[in-house]
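Atoms considered below: every heavy atom in the structure, side chains included; atoms not considered: hydrogens, waters and symmetry mates. Each ligand, and each atom within it, is numbered from 1 in the order the structure gives.
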Amino acid sequence: MEVKVYKFGGASVKDAAGVRNLESIVRAAGGDLMVVVSAMGKTTNALERVVEFLDAGKEEQALDQWVDIIDYHVAVMKELGLQPGSDIRLQGEIPFDPQLPLDENYDQVVSLGEIMSTQIVAVYLLKQGLSVEWWNMPKLLRTDNTWREAKVDNETSAATIRAGWERANRPSIVVTQGFIGGTAEGKRTTLGREGSDYTAALLGNYLDAESVTIWKDVPGILNADPRLEPDTILIPSLRYQDAVELSYSGAQIIHPKTIRPLENKQIPLFVKPFGDPGAAGSKIAADGVGPIDVPVYIWRKNQLLITMRAKDFAFVLEESLSEIFEIIHRHRLKVALIQSSAVTISVCVDNTRFVPEAIEELKQHFNVTYNDHLSLLTIRGTTPEILERAKADRTIMLSQTTRRTARLVVKEDSVPQAK
Ligand code: ASP
Ligand code: MG
């Protein structure tokens with residue numbers, strides 16, 4: 001039988017009960033399994049704060065935060081009957097070197113969330129009598145050194161990972177990290193936040209897996225965020241192309257880069273609830289049902305609407321467009337929507353740390369204004385009635401509609417807040 005890849009997100013392993021639940025899901029799988037695990041709970045965010053504090057010279061706060069993270073893992077270990085120090089030795093010092101670029105430090109520190117979670121899961125499963133091996137992705141998944149958004153070298157990685165998998169004495173279960181890889185020089189890298197799904201897909205591709213399953217805290221792929229829309233509908237079957245469109249328009253359900261590696265090898269992707277492992281969940285596959293026949297609501301939060309106006313009234317749209325997008329691309333902004341008129345161009349972008357510098361540069365060429373605290377709502381499969389309802393009671397900054405798709409840039413204070 002071929003290997004299956006299971007990916008467990010942070011919420012599924014946030015405490016000892018989560019790890020025990022993982023064990024029962026893994027046991028039920030039987031057969032060969034590649035288990036990809038994220039950092040426990042909100043550990044990645046906490047590690048980001050450690051880096052921020054150190055960067056700001058706030059060493060005491062950094063250390064407090066670090067100790068909290070270690071304590072949290074130690075508590076989970078103890079509850080699982082593992083001995084900190086002997087079963088697993090946790091990192092003692094924060095691997096932060098002020099001589100190095102911040103983003104390089106970020107990757108060395110933030111990658112530890114996955115190292116810790118996978119060590120705990122692997123040792124726990126081993127102690128429960130399962131045949132398990134822990135794999136260290138920084139040594140196996142080769143990337144370049146684009147810190148925080150490292151690009152995977154698929155050829156090298158596939159060869160290494162396949163060789164490890166085809167070894168005669170390999171146990172039936174491998175536990176490893178999502179989200180992280182390493183350079184040829186042995187430095188840890190990260191693939192971009194929420195990147196564990198992507199790792200699972202890559203491993204599925206390299207190993208020609210029978211299937212990849214993402215275990216989540218929702219019943220499967222829903223047509224809307226249950227925290228934001230009252231009546232959600234489970235979409236049991238999707239085609240790859242529909243899943244790609246959904247994730248690129250900002251659906252939080254799977255990382256956008258996840259689908260391609262699976263589609264290339266026609267490997268089905270399941271999204272299932274870890275709280276109800278027997279449930280069917282959603283299946284994304286070549287023979288999926290499409291197009292999706294229910295309206296789909298996708299929120300993309302923390303958006304910024306940047307409007308550029310010509311400085312000298314000689315606004316030539318074509319020329320300006322290429323100039324604007326060259327700047328936007330170079331500053332790594334992620335554009336969610338574009339709207340132009342004879343004299344202005346507006347872009348809606350993710351409000352990331354790259355934004356201020358990009359705006360500075362755009363200001364050299366254009367009159368620039370912007371609005372922040374915005375969200376972008378995309379409704380696919382909309383009807384005039386659905387659109388009316390969506391617009392009611394919300395402050396709409398910009399709207400773009402085609403026959404079936406509506407996209408609304410909405411002020412955040414007029415959006416219901418997810419808990
Ligand atoms: N732990 C990482 C993050 O929270 C990767 C992941 O969960 O997919 O971004
Ligand atoms: Mg996570």
Side-chain angles (χ1 to χ4, degrees), residues 5-15 18-19 22 34-52 65-66 68-70 72-73 76 90-91 95 103 105-122 135-138 140-141 143 146-152 175-182 188-204 212-218 221 243 247-248 250-262 269-274 300-302 334 350 352-353 418:
V5 179
Y6 278 7
K7 181 260 173 174
F8 292 88
S12 66
V13 290
K14 70 178 194 306
D15 51 23
V19 177
L22 177 152
M34 175 66 89
V35 181
V36 177
V37 184
S38 297
M40 293 183 160
K42 304 271 181 228
T43 300
T44 307
N45 292 346
L47 288 164
E48 281 190 340
R49 283 197 294 276
V50 170
V51 176
E52 281 161 23
Q65 181 71 68
W66 175 257
D68 283 351
I69 294 168
I70 299 294
Y72 164 52
H73 287 85
V76 174
L90 295 174
Q91 175 97 14
D103 288 349
N105 277 316
Y106 174 100
D107 278 3
Q108 308 323 303
V109 176
V110 169
S111 53
L112 292 174
E114 269 71 10
I115 300 283
M116 291 190 281
S117 67
T118 54
Q119 284 180 324
I120 293 173
V121 167
W135 280 13
N136 189 24
M137 276 297 135
L140 303 171
L141 192 77
T143 72
T146 313
W147 311 113
R148 300 181 67 155
E149 258 179 85
K151 304 284 166 294
V152 176
V175 173
T176 195
Q177 311 85 40
F179 174 57
I180 71 176
R188 289 191 294 272
T189 53
T190 64
L191 310 181
R193 286 301 308 268
E194 309 302 332
S196 295
D197 296 351
Y198 175 46
T199 305
L202 290 178
L203 296 177
V212 172
T213 304
I214 298 180
W215 295 94
K216 289 194 68 98
D217 55 356
V218 287
I221 297 187
S247 58
Y248 272 100
Q252 294 292 318
I253 195 83
I254 29 178
H255 191 281
K257 285 154 97 180
T258 309
I259 302 298
R260 277 295 172 242
L262 299 177
L269 173 67
F270 295 93
V271 178
K272 294 190 183 207
F274 60 72
R300 193 153 158 165
K301 296 195 148 190
N302 197 21
K334 299 235 159 68
D350 290 346
T352 61
R353 68 207 161 94

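- The side-chain contact (heavy atoms from CB on, under 4.5 Å) with T118 is formed by just one residue from the set M40, Q177, M137; it is Q177.
- Interface atoms of ligand 1 facing T44, defined by a heavy-atom separation under 4.0 Å, are 1 (N), 2 (C), 3 (C), 4 (O).
- E194 contributes atom CD, which lies 8.0 Å from atom CZ of F179 (distance to the nearest 0.5 angstrom).
- Distances shorter than 4.0 angstrom do not occur between any heavy atom of G10 and any atom of ligand 1.
- Atoms of ligand 1 lying under 4.0 Å from any heavy atom of F179, numbered from 1 in the order shown and given with element: 2 (C), 5 (C).
- Remark: K42 NZ to L47 CG distance equals 13.5 Å, nearest 0.5 Å.
- Atoms of ligand 1 found under 4.0 Å from any heavy atom of S38, numbered from 1 in the order shown, are 6 (C), 7 (O), 8 (O).
- Of all atoms in ligand 1, listed by their number and element, those nearer than 4.0 Å to a heavy atom of R193 are 3 (C), 4 (O), 9 (O).
- Here OH of Y198 is found 14.5 Å from CD1 of I254. Values are rounded to the nearest 0.5 Å.
- Residue E114 has at least one N or O atom closer than 3.5 Å to an N or O atom of ligand 1.
- Considering backbone and side-chain N/O atoms, K7 never comes within less than 3.5 Å of an N/O atom of ligand 1.
- Using modelled atom types, one finds a donor on one side chain and an acceptor on the other under 3.5 Å when comparing N45 with R193.
- Separation of the W215 and Y6 ring centroids falls under the 6.0 Å cut-off.
- How far OG1 of T43 is from CD of E48: 11.5 Å, rounded to the nearest 0.5 Å.
- For S196, heavy-atom contacts with ligand 1 shorter than 4.0 Å involve the backbone as well as the side chain.
- Ligand 1 lies nowhere less than 4.0 angstrom from a heavy atom belonging to H255.
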